[in-house]
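I have placed the structure first, in the form of structure tokens, so that the comments after it can refer back to it.
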Amino acid sequence: MDSKTVGILGGGQLGRMMVEAAHRLNIKTIVLDADNSPAKQINALDEHVSGKFTDPEKIAELASRSDVMTIEIEHVNAQVLEELENSGSNKASVQPKPKTIALIKDKYLQKQHYISHGLATSHAKDVASTPEALKQIGYEYGYPYMLKSRTDAYDGRGNFVVESEGHIEEALKFLNDRPLYAEKWARFERELAVMVVRSLDGSVHSYPTVETVHKDNICHIVYAPARVADSVRRQAKILAENAVKTFEGAGIFGVEMFQMPSGDLLLNEIAPRPHNSGHYTQDACVTSQFEAHIRAVCGLPLPDGFSNFSTPGTNSIMLNILGGAEPNSELETCRRALETPGAIVHLYGKSTREKRKMGHINIVSGSMVECEKKLAFIMGTGPKPQE
Ligand code: ATP
Ligand code: MG
Ligand code: MG
């Protein structure tokens with residue numbers, strides 16, 4: 001298909017599923033991460049780069065062997081990527097642009113970016129790591145409010161709900177010496193998400209609006225499409241596309257939003273890469289988010305309808321498989337999914353650890369009610385559905 005080699009910073013499950021999609025198109029991939037990381041396990045074509053995706057030397061090595069570099073995680077060394085792009089000695093283009101990655105990886109800079117572009121987002125304030133500063137936020141925002149780490153945040157591991165003044169000490173202890181900002185509590189009705197692909201020419205195309213349900217700050221279930229009125233889905237699509245238009249570079253972006261009781265939509269955050277809320281696209285849409293990302297960064301076509309559900313009337317539910325309290329106990333859920341028609345199991349090759357994202361299950365059916373029945377069986381809370 002294409003002789004390009006894509007260098008991927010990060011070899012977790014998102015990298016693994018990018019590799020899968022790229023290889024179907026004969027696009028080579030080289031991964032920078034620890035040995036035997038999930039993306040490397042399924043990719044034996046080339047020598048990979050072993051090391052950290054924050055290490056300047058390793059990034060330069062990846063760059064020297066790639067035509068395009070992309071990311072599966074935003075916590076990379078964006079400054080080194082920018083320097084490499086500007087040095088002229090490096091042939092690899094970086095997609096999305098290092099400037100975009102730098103802006104997004106600091107969640108507070110990301111917030112300010114939305115505010116400066118007039119995009120609706122929850123209220124946020126930079127805050128020093130002192131009890132006095134946190135008390136001041138309490139006076140301004142009331143309780144609870146959300147205290148977040150500006151950097152290295154994922155799966156809620158940088159978030160702390162400050163429920164009262166009495167929780168401030170615990171919050172500071174939990175977030176330790178990380179740079180912080182505070183967010184006003186968003187009493188949302190539900191959370192919505194839209195995957196948006198940005199092509200090299202800057203045009204944007206979105207996937208259907210979905211509904212995400214989080215448990216302990218971790219994505220748990222995704223309903224596709226979102227169980228809301230068409231007008232809300234359209235509103236979400238417009239906000240997501242407008243937000244992604246403000247960033248530079250090609251690739252897929254995951255846009256997280258809060259739907260407020262007033263009907264207003266507020267941006268929560270955006271990921272400049274494939275996203276958990278887009279996993280359903282693998283089995284429910286014409287082109288998966290991973291293939292769309294690879295096509296976008298390589299400048300390959302994304303024809304009309306690529307992001308549509310494969311068949312009109314398709315409904316899908318994605319269930320994340322987190323490591324259970326007992327090692328490998330999560331595999332019981334996978335076994336039930338294997339017994340369920342229309343359920344597709346995706347495992348990431350990780351060693352089991354409690355609450356770790358080990359895999360996901362996509363359920364695809366003609367109706368959401370059917371998907372829900374199948375989900376109940378898979379989760380062990382309902383009878384085996386009869387087809
Ligand atoms: P991700 O894995 O999506 O990158 P993250 O660690 O960056 O997660 P956020 O997306 O900031 O975390 O927050 C995780 C979840 O916490 C949100 O999806 C939402 O359920 C809840 N949350 C975040 N911010 C707020 C807020 N201001 N008010 C209420 N709930 C919030
Ligand atoms: Mg995040
Ligand atoms: Mg999030």
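In listed order, ligands and their atoms are each counted from 1. Residues: numbered from 1 along the sequence shown.
- If you number the atoms of ligand 1 from 1 as listed, the ones under 4.0 Å from a heavy atom of W185 come out as 28 (N), 29 (C), 30 (N).
- Checking H214, K107, E191 against atom 19 (C) of ligand 1, the nearest heavy atom belongs to E191.
- When non-hydrogen atoms are compared, ligand 1 lies under 4.0 Å from neither the backbone nor the side chain of T212.
- For atom 14 (C) of ligand 1, the nearest protein heavy atom (residue, atom name, distance) is N217 OD1, 3.3 Å.
- Of all protein heavy atoms, the one lying nearest to atom 2 (O) of ligand 1 is D155 N, 2.7 Å.
- Ion pairing between K99 and E82 fails under the 4.0 Å rule for side-chain N and carboxylate O.
- Note: Y348 and H279 have perpendicular aromatic rings, judged against thresholds of 30 and 60 degrees for the angle between ring planes.
- A salt bridge between E85 and K97 is present, with a side-chain N of the basic residue lying under 4.0 Å from a carboxylate O of the acidic one.
- R190 has a carboxylate O that lies under 4.0 Å from a charged side-chain N of E211, or vice versa, which qualifies the two as a salt bridge.
- Within ligand 1, the atoms closer than 4.0 Å to a non-hydrogen atom of E256 are 3 (O), 10 (O), numbered from 1 in the order shown.
- Applying the ring pair (Phe, Tyr, Trp, His ring centres under 6.0 Å) rule to Y114 yields no partners; only residues at least two apart in sequence or on another chain are considered.
- Shortest contact from atom 12 (O) of ligand 1 to any protein heavy atom: N159 ND2, 3.3 Å.
- Counting only distance, with no hydrogens or angles, the side chain of Y141 and the backbone of Q136 share no donor-acceptor pair below 3.5 Å.
- A salt bridge is defined here as a Lys NZ or Arg NE, NH1 or NH2 lying under 4.0 Å from an Asp or Glu carboxylate O, and K40 with D33 fails to meet this definition.
- At a 4.0 Å cut-off, at least one heavy atom of K184 sits close enough to ligand 1 to count as contact.
- The nearest protein atom to atom 24 (N) of ligand 1, hydrogens excluded, is given as K148 NZ, 3.0 Å; this is a heavy-atom distance.
- A salt bridge does not link E170 with K173: every distance from a Lys NZ or Arg NE/NH1/NH2 to an Asp or Glu carboxylate oxygen is 4.0 Å or more.
- The shortest contact between atom 27 (N) of ligand 1 and any protein heavy atom is with E183 OE1, 2.9 Å.
- Inspection of the environment of the Mg ion (ligand 2) yields the following protein N, O or S atoms under 2.8 Å: E269 OE1, E269 OE2.
- Using modelled atom types, one finds no donor on one side chain facing an acceptor on the other under 3.5 Å when comparing H113 with S116.
- Ligand 1 places these atoms under 4.0 Å from at least one heavy atom of A186: 26 (C), 27 (N), 28 (N), 29 (C).
- A search for side chain to side chain donor-acceptor pair (under 3.5 Å) contacts involving Y223 returns nothing, not counting sequence neighbours.
- Regarding atom 4 (O) of ligand 1, its nearest protein heavy-atom neighbour is E269 OE2, 3.0 Å.
- Under 4.0 Å is where a charged nitrogen must lie from a carboxylate oxygen, and between R336 and E339 no such pair does.
- At least one heavy atom of F258 lies less than 4.0 angstrom from ligand 1.
- Of all atoms in ligand 1, listed by their number and element, those nearer than 4.0 Å to a heavy atom of F188 are 20 (O), 29 (C), 30 (N).
- In terms of protein heavy atoms, atom 22 (N) of ligand 1 is closest to M146 CE, 3.5 Å.
- When the shell of 6.0 Å around NE2 of H123 is examined, it contains 12 or fewer heavy atoms from other residues, nucleotides or ligands.
- Annotation: side chain to side chain contact (heavy atoms under 4.5 Å, CB included) contacts of P303 (sequence neighbours excluded): R295, F306.
- Between the K28 side chain and the L45 main chain, no donor and acceptor come within less than 3.5 Å of each other.
- In N268, the part holding a heavy atom less than 4.0 Å from any atom of ligand 1 is the side chain.
- In terms of polar-atom proximity, G156 is counted as a contact of ligand 1, with an N or O under 3.5 Å from an N or O of the ligand.
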